[in-house]
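Here is the structure we will look at.
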Amino acid sequence: MTDRLTIIRPDDWHIHLRDGEVLRNTVSDAARIFSRAIIMPNLVPPVRNGDEAQGYRERIEAARPAGSIFEPLMVLYLTNQTSPEIIRAAYSKGQAIAAKLYPAGATTNSGSGVTALEHIYPALEAMADVGMPLLVHGEVTHSDVDIFDREKAFIDQQLIKLVERFPTLKVVFEHITTADAAEFVKGASDRIGATITAHHLLYNRNHLLAGGVRPHFYCLPILKRQRHQQALCDAVVSGSNKFFLGTDSAPHAQHAKETSCGCAGCYTAYAAIELYAEAFDSLGVLDKLEAFASFNGPDYYGLPRNTDTITLVRESWTAPDQLPFGDHMVIPLRAGETINWRVE
Ligand SMILES: NC(=O)N[C@@H](CC(=O)O)C(=O)O
């Protein structure tokens, strides 16, 4: 049994840090372990162009703990108005390395998102041309599609057509949650990658719904049935380099989760690599954690791998009941429960 694991320092290829006062909390949790992170742009208002991304980057950098060299990798939020010029300018000035598609209404702060893919075809052409990856929240939003079927419907109705229409566009299918998504990514060309969260490896919809509703397990795309959880586990066990670490750590203040209409999002950044280690350990593939967490992401983005290391040890500790979140508190995933790995 492996009780100690040293790996090249990981990065997080999908995180929500929010903005303002809470940055001092969210940035220090992310910067504790991760060297770089892809910063989701779904602020209010969203990060729509290079200058807004630059401003947000500076606020994140200012919130880093003293001495931290954590590097935020900025992302534009695509709207119906995103022009090829906005894309080209942000990319060429190094203000953003990717752009995110939120179908309008799909999730938290997606109200300014794209209402029909045709609106962003010119922007997507520019992205394909310069080599800027498209990051996709892959769910349809029609109220008549069951929430558990929205990811598969997105693949069938939109994603297949999208990758065909833009044959050189790099596409990251973010936070995949279904066997259908894992199959799609496996069968696609190398320009298609996917992030997988720790919580979608560790949990299924029973954890959210059986025996009582647990709002801190509610995220989007929603946890699916066990068969889909298993398919995501199989994807990481396969060792395919198309899958990489993206926590989708998405904090909301306690009162915004524990209410009659609670927000979607699980807070995992405070123990992210530890939770992934648990998942890989329970699958018997700790030896595959390093590539998933530290190699596949930078390789996909064409960035250098990190060179320093972290060491994980098998040692139980109790997760905090709550964590500071600006003037409020956030209830992290696994609050008050045991976590079986810690970083030395
Ligand atoms: N994952 C979530 O459940 N929530 C994210 C948005 C998103 O990525 O869907 C958030 O910003 O809160």
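Because the structure is a prediction, the values reported are computed rather than measured. Remember, it's 1-based here, ligands and their atoms both numbered in the order they're listed.
- If you check the side chains of Thr197 and Asp248, you find no donor sitting under 3.5 Å from an acceptor.
- Relative orientation of the Phe244 and Tyr301 rings is perpendicular, given thresholds of 30° and 60° on the angle between their planes.
- Cation-pi geometry between Arg205 and Phe148 is met: the NZ or CZ atom falls under 6.0 Å from the ring centre, inside 45° of the normal.
- Atom CD1 in Ile38 sits 12.0 Å away from atom CG in Leu245 (nearest 0.5 Å).
- Using modelled atom types and a 3.5 Å distance limit, the side chains of Glu174 and His137 yield no donor-acceptor pair.
- Here the two rings, on Phe217 and Tyr203, have centers that are under 6.0 Å apart.
- In terms of protein heavy atoms, atom 8 (O) of ligand 1 is closest to His16 NE2, 3.1 Å.
- Atom 3 (O) of ligand 1 has its closest protein heavy atom at Leu220 N, 2.7 Å.
- Ligand 1 places these atoms under 4.0 Å from at least one heavy atom of Cys219: 3 (O).
- Considering backbone and side-chain N/O of Thr108, one or more are found under 3.5 Å from N/O of ligand 1.
- At a 4.0 Å heavy-atom cut-off, ligand 1 touches Asn42 through the side chain alone.
- Only the side chain of His137 comes within contact range of ligand 1, with a heavy atom under 4.0 Å; no backbone atom does.
- The cationic atom of Arg48 (NZ for Lys, CZ for Arg) does not lie both less than 6.0 Å from the six-membered ring centre of Tyr77 and within 45° of the ring axis.
- Aromatic pair Tyr121/Phe166: centroids less than 6.0 angstrom apart.
- Atom 7 (C) of ligand 1 has its closest protein heavy atom at Thr107 OG1, 3.4 Å.
- By the 6.0 Å and 45° rule, Lys242 does not stack over the aromatic ring of Tyr300.
- Under a 4.0 Å criterion applied to the non-hydrogen atoms of His252, ligand 1 contributes the atoms 12 (O).
- What sits closest to atom 1 (N) of ligand 1 on the protein, heavy atoms only, is Asp248 OD2, 2.7 Å.
- Each of the atoms 2 (C), 3 (O), 4 (N) of ligand 1 lies under 4.0 Å from some heavy atom of Gly265.
- At a heavy-atom cutoff of 4.0 Å, ligand 1 is contacted by the side chain of His175 but not by its backbone.
- Applying the 4.0 Å criterion to heavy atoms of Ala250 picks out, from ligand 1, the atoms 4 (N), 5 (C), 10 (C), 12 (O).
- Which parts of ligand 1 touch Arg18 is read off a 4.0 Å heavy-atom cut-off, strictly below it: atoms 10 (C), 11 (O), 12 (O).
- The protein non-hydrogen atom at the shortest distance from atom 4 (N) of ligand 1 is Ala264 O, 3.1 Å.
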